[in-house]
Asker: 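Supplied in structure tokens, the structure appears directly below.
Whatever order the structure lists them in is the order used to number ligands and atoms, beginning at 1.
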Amino acid sequence: MSDTILVVGGAGYIGSHMVKYLRRHGFAAVVADDLSSGHREAVLGAPLHVGDIGDAGFVDALLGEVKPAAVMHFASFIQVGESVTDPAKYYRNNVTATQTLLDGMRAHGVNKFIFSSTAAIFGDPQYVPIDEAHPKAPINPYGRSKWFVEQMLEDYDRAYGLKAVCLRYFNAAGADPEGELGESHEPETHLIPLILQVASGRRPHITVFGEDYATADGTCIRDYIHVEDLAEAHLLALRQLLAGAGSARYNLGNGSGYSVREVIETVRKISGQPVTVVMGERRAGDPPALVADARAAREALGWQPRYADLDTIVGHAWAVEKRHLQP
Ligand code: UDP
């Protein structure tokens, strides 16, 4: 059987780390990416097919050539605010194009799939830490687009035997421990890379979105999970699928939350650089605290996050960002 894994969105932040991790663990990876937000140079040592998975012809030719044992799908738009102002963009890419990919897989007899899902499917938490059984009530089109696909995958399994693992990331963060890859979104909206860019001098300040939440220091709490620990969870899920396991869904986080203020303090400490902070308004749709209960992934996959502490996560990301340190 083929040991080639098709990584859709493999030029992006998490996808590119995944490609490196797969290759290190003996898999051949082939990347498909439309480069709308990914970076050609982030694809290390894997063939890159540039194209859109919403294009059935592209998908058909790709699967015919690559004949993958499984598909990992990282290619989605991820900006919550933009999904509110332009939902069509999110439903077209995150839902419709994903269905085109799945239908291509059916046609080619590829029946193993790993899907990047998100804590945003839960909406405002009814309790924390959030386990897999927590009610799904997404509060924006981004979260809904991911939840639609999760439900579609259940139907595709029932009807067509497509085995899928949905991995619901909390806050993906950090960078390749070897410093070859990092996080680079345009525009950047994520907290840790933004603070690091202040530390390196690429931005004047970080704006804290609200300090009047019902948390210990008033700022939002998130569960930051190292990108390579995410890659490890995918690898474990992939091995199970290849061994014949059924569909599953897991929440992926460390199970401990850090406030925005704590993250800023950590960046100051790790970088040794000043970080100017500006207090701002709350951002629409931000729950006060999002923390994962990831026991299911630990138990069923044997997943053990290696870089669980925030100092390490920030340290790896700073090692990449400090190359931009302004004199
Ligand atoms: N945040 C902030 N300032 C920023 C960007 C983010 O205060 O410039 C806060 C945001 O309100 C949230 C946390 O940092 O509480 C993490 O936000 P991010 O966008 O990184 O991830 P999300 O939790 O939205 O997936």
Asker: Suppose we measure from atom 4 (C) of ligand 1 to each protein heavy atom; which comes out shortest, and what is that distance?
Answerer: Phe209 CE1, 3.2 Å

Asker: Could you list which atoms of ligand 1 come closer than 4.0 Å to a heavy atom of Val208?
Answerer: 7 (O)

Asker: Could you identify the single nearest non-hydrogen protein atom to atom 23 (O) of ligand 1 and state the distance to 0.1 Å?
Answerer: Arg222 NE, 2.8 Å

Asker: What atoms in ligand 1 come closer than 4.0 Å to a heavy atom of Cys220?
Answerer: 15 (O)

Asker: Considering only the protein, which heavy-atom contact is closest to atom 11 (O) of ligand 1, and what is its distance?
Answerer: Asp286 OD2, 2.5 Å

Asker: Do Tyr142 and Glu82 have a side chain donor and acceptor closer than 3.5 Å?
Answerer: no

Asker: State the atoms of ligand 1, each with its element, that fall below the 4.0 Å cut-off from a heavy-atom position in Thr189.
Answerer: 5 (C), 19 (O)

Asker: Taking the six-membered ring for Trp, are His17 and Tyr21 ring centroids under 6.0 Å apart?
Answerer: no

Asker: For Arg268, I'd like to know if atom CZ has over 12 heavy atoms of other residues, nucleotides or ligands within 6.0 Å.
Answerer: yes

Asker: Looking at atom 16 (C) of ligand 1, what's its closest protein heavy atom, distance included?
Answerer: Tyr224 OH, 3.7 Å

Asker: Between Tyr160 and Asp103, is there a side-chain donor-acceptor contact under 3.5 Å, judged purely by atom types and distance?
Answerer: no

Asker: Looking only at side-chain N and O atoms, does Ser117 offer a donor or acceptor that is under 3.5 Å from a partner on Glu150?
Answerer: yes

Asker: Examine the side chains of Gln99 and Tyr156 and answer whether a donor and an acceptor come within less than 3.5 Å of each other.
Answerer: yes

Asker: Would you mind checking which non-hydrogen protein atom is closest to atom 24 (O) of ligand 1, with the distance to 0.1 Å?
Answerer: Arg283 NH2, 2.7 Å

Asker: How far is atom 9 (C) of ligand 1 from its nearest protein heavy atom, and which residue and atom name does that atom have?
Answerer: Val260 CG2, 3.8 Å

Asker: Will you find, in the side chains of Asp34 and Ser36, an N or O donor that is under 3.5 Å from an N or O acceptor?
Answerer: yes

Asker: Who's the nearest protein heavy-atom neighbour of atom 3 (N) of ligand 1, and how far?
Answerer: Thr207 O, 2.7 Å

Asker: Could you check atom 21 (O) of ligand 1 against the protein and tell me its nearest heavy-atom contact, residue, atom and distance included?
Answerer: Asn171 ND2, 3.0 Å

Asker: Where does the angle between the aromatic ring planes of His316 and His226 fall among parallel (under 30°), tilted (30 to 60°) and perpendicular (over 60°)?
Answerer: perpendicular

Asker: If the cut-off is 4.0 Å to any non-hydrogen atom of Ile206, which atoms of ligand 1 fall inside it?
Answerer: 8 (O)

Asker: For atom 8 (O) of ligand 1, which of Leu194, Val80, Ile78 has the closest heavy atom?
Answerer: Leu194

Asker: Is there side-chain contact between Trp318 and Leu325, with at least one heavy-atom pair below 4.5 Å?
Answerer: yes

Asker: Using heavy atoms and a threshold below 4.0 Å, how should the contact between Leu191 and ligand 1 be classified: side chain, backbone, both, or neither?
Answerer: both

